[in-house]
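Take a look at the structure set out below.
Quick note on labels: first sequence line is chain A, next is B, and so on, each numbered from 1.
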There are 2 protein chains.
Amino acid sequence: MLHDPPQLDLMFQALADPARRQMVERLSRGPASVSQLAEPLAMSLSAVVQHLAVLETSGLVSTEKLGRVRTCRIEPNALRAAEHWINERRLAWERRLDRLGDFLTDINDQT
Amino acid sequence: MLHDPPQLDLMFQALADPARRQMVERLSRGPASVSQLAEPLAMSLSAVVQHLAVLETSGLVSTEKLGRVRTCRIEPNALRAAEHWINERRLAWERRLDRLGDFLTDINDQT
DNA sequence: AAAATAGTTAAGTGATCACTTCAGTATTCC
DNA sequence: GGAATACTGAAGTGATCACTTAACTATTTT
C-alpha cells in the first residue's frame, strides 16, 4: 500500500489542466469527435489532439476512429479509481477524528 | 459551470506527484512534522518543504508552527472538492448510460 | 478528379517542475 | 554559551509541459 500505481499519477496529472477537465466534462455528457471537443477551446486543433493523448494514456478517455472521425468517450472505471484514492484518505482522516472525539468524551466522563 | 475554480487545478496538480500523495497518505493517518513527512521519502528536506508548499497552496494541507516544529494536517474539505468534481462527471456519464439503456429496452418492447 | 473535412505528426519555444546544494535562521538541549 | 535540531530560502539545472506553426494523410463531398 506504500506505492500506488503510476496510473494515478497520469490520471491526476490529466485532470490538473482546465482544458482537459473541460474535455472530460463535455464527454461526461456523451461521446464527441475531436473537433467537437476542440470547438469551445481557444487553442489549435493540434493542441487539443495532444491533450486528448494525455487523457487517453491516463486511461480516463478511450477513442475509436471510424472513417475520418475519431469518437471519444469517457472511461468511468478510471474516474472511479481516482475518486477511490481520494475517498480512502478522507475517510481515514475522518475516522481518526471520530476516534479522537470518542476519546475526549471518555476522559471527560471520568471527571 | 463552464469554468471551475483554479483551486481544482492546484489540487489535482498537487495529487499528481507520488511523493505528495505519499505525504497526504501519511497525513490522513494523523498530523506530522516536516521531518516526519520527509523520513520515508528519498529526497532532501528542502525538496519536501517545496512539495509541502504545493500541498499548502492547493488547500489540501494546512500547517502551523510551534517553536521550531511545523505541524501539518490534512484539510478534508479540499479533498472533498476534488472528490466532488470527479463524482459529478462519473454520475453524469452513468445517468446517461441508464437513460440510453431505458431507451433501448423501450424500442425493444415495441417489436 | 478537385476541394473540403477531420485529424495526425514533427519540430520548436518559453514556462513550469522536481529536484539539488549551500548558506542561512530560529529554537531547544546540554 | 555552544552544539544539535528543525526547518527556510535562494540559486541553479535538466526534464517535462502547453502550446504554436507548418506540412502531411486519409476520407468524404461535389
Side-chain angles (χ1 to χ4, degrees), chain A residues 2-4 6-27 30-74, chain B residues 2-27 30-73:
Chain A
L2 269 162
H3 285 299
D4 30 50
Q7 198 73 358
L8 269 185
D9 285 41
L10 297 178
M11 280 192 275
F12 284 127
Q13 211 162 116
L15 293 174
D17 187 279
R20 281 188 302 255
R21 275 206 309 285
Q22 211 176 321
M23 291 167 75
V24 169
E25 182 151 0
R26 168 64 188 80
L27 290 177
S33 70
V34 177
S35 334
Q36 282 173 333
L37 285 180
E39 195 251 350
L41 299 171
M43 65 181 70
S44 70
L45 223 206
S46 220
V48 172
V49 170
Q50 287 168 62
H51 279 305
L52 184 58
V54 172
L55 287 169
E56 210 171 346
T57 59
S58 81
L60 287 168
V61 165
S62 68
T63 74
E64 187 190 6
K65 195 162 184 176
L66 256 161
R68 61 184 168 177
V69 177
R70 178 173 298 277
T71 303
C72 314
R73 66 190 71 247
I74 240 180
Chain B
L2 269 163
H3 286 299
D4 30 49
Q7 197 73 357
L8 270 184
D9 285 41
L10 298 177
M11 280 192 277
F12 285 126
Q13 211 161 116
L15 293 175
D17 187 278
R20 283 190 299 258
R21 275 206 310 282
Q22 211 176 321
M23 292 166 75
V24 169
E25 181 150 0
R26 168 64 189 79
L27 291 176
S33 71
V34 178
S35 333
Q36 283 174 331
L37 285 180
E39 195 253 349
L41 299 171
M43 65 181 71
S44 70
L45 224 206
S46 220
V48 172
V49 171
Q50 285 168 62
H51 279 306
L52 185 58
V54 173
L55 286 169
E56 210 171 347
T57 58
S58 80
L60 287 168
V61 165
S62 69
T63 75
E64 186 191 6
K65 194 161 187 177
L66 257 161
R68 61 183 167 175
V69 177
R70 177 173 299 277
T71 302
C72 313
R73 66 190 71 247

Backbone of B/S58 reached by a side-chain donor or acceptor of B/Q7 within 3.5 Å: yes
Contact nearer the 5' end of DNA chain D, comparing B/S33 with A/A19: B/S33
Under 3.5 Å: donor-acceptor pair, side chain of A/R20, backbone of A/A14: yes
Boundaries of the chain B footprint along DNA chain D (any atom under 4.0 Å from a heavy atom): D/dA4 to D/dA10
Polar side-chain atom of A/R26 near backbone of A/A38 as donor-acceptor pair, under 3.5 Å: no
Atom pair CG/NE2 of A/L37 and A/H51 - distance to nearest 0.5 Å: 11.5 Å
Sugar-phosphate only, base, or nothing, as touched by A/Q13 at under 4.0 Å among non-hydrogen atoms: sugar-phosphate
Contact check, side chains of A/L60 and A/L15, non-hydrogen atoms, under 4.5 Å: yes
Derivation of the side chain to side chain contact (heavy atoms under 4.5 Å, CB included) call for B/V24 and B/R21: CA-CA 5 Å; B/V24 169; B/R21 275 206 310 282; 5.5 Å; no
Where B/V34 and B/V48 come nearest, the two heavy atoms and their spacing: O-CG1, 4.2 Å
Rounded distance (nearest 0.5 Å) linking atom CD of A/Q50 with atom OG of A/S44: 7.0 Å
Closest-nucleotide 5' rank along DNA chain D - winner of B/K65 and A/V69: B/K65
Residue pair A/Q13 / A/V54, side-chain heavy-atom distance below 4.5 Å: no
Gap separating the CG atom of B/D17 from the CG atom of A/L8, nearest 0.5 angstrom: 12.0 Å
Sub-4.0 Å heavy-atom contacts from residues 44-53 of chain A onto DNA chain C, ordered by number: A/L45, A/S46, A/V49
Just the atom pairs and distances: protein N or O near nucleotides 28-30 of chain C's N or O, under 3.5 Å.
none

